[in-house]
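Scroll down for the structure; my scribbles are underneath it.
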Amino acid sequence: MKWLLVGALLALLLVYPSLLAVAVGIAAAVLSKPVLVAFGLGLAVRGGLPRLRRWTR
């Protein structure tokens, strides 16, 4: 499924080259906000950590 989405994205970039500039602009806008970067990294890391039930008692 992941490769299908990557292929679709690459096909869109091949058909519409101006989308690359739009995607780079959006990525630059998001990465310029430290709070959004920290939130995204926190979500990514939290998904890989095991649940610690002993802290909730």
Side-chain angles (χ1 to χ4, degrees):
M1 182 69 178
K2 178 175 63 171
W3 292 111
L4 185 65
L5 292 174
V6 169
L9 179 64
L10 288 176
L12 280 174
L13 289 176
L14 187 65
V15 173
Y16 300 108
S18 62
L19 285 179
L20 180 61
V22 172
V24 168
I26 290 172
V30 169
L31 290 176
S32 69
K33 310 276 189 213
V35 173
L36 292 178
V37 173
F39 182 73
L41 287 174
L43 286 178
V45 169
R46 181 65 182 142
L49 291 177
R51 301 253 183 224
L52 298 176
R53 297 203 182 267
R54 62 186 171 127
W55 290 95
T56 59
R57 290 184 191 188

Residues clustering with V35 (ILVMFWY side chains joined when closer than 4.5 Å, directly or via others): none
Minimum heavy-atom distance between P34 and S32, given as atom pair plus value: CD-O, 3.3 Å
N/O donor-acceptor pairs under 3.5 Å from side chains in residues 7-21, not counting sequence neighbours:
none

Other cluster members, L41 - Ile/Leu/Val/Met/Phe/Trp/Tyr, side-chain contacts below 4.5 Å: L31, V37
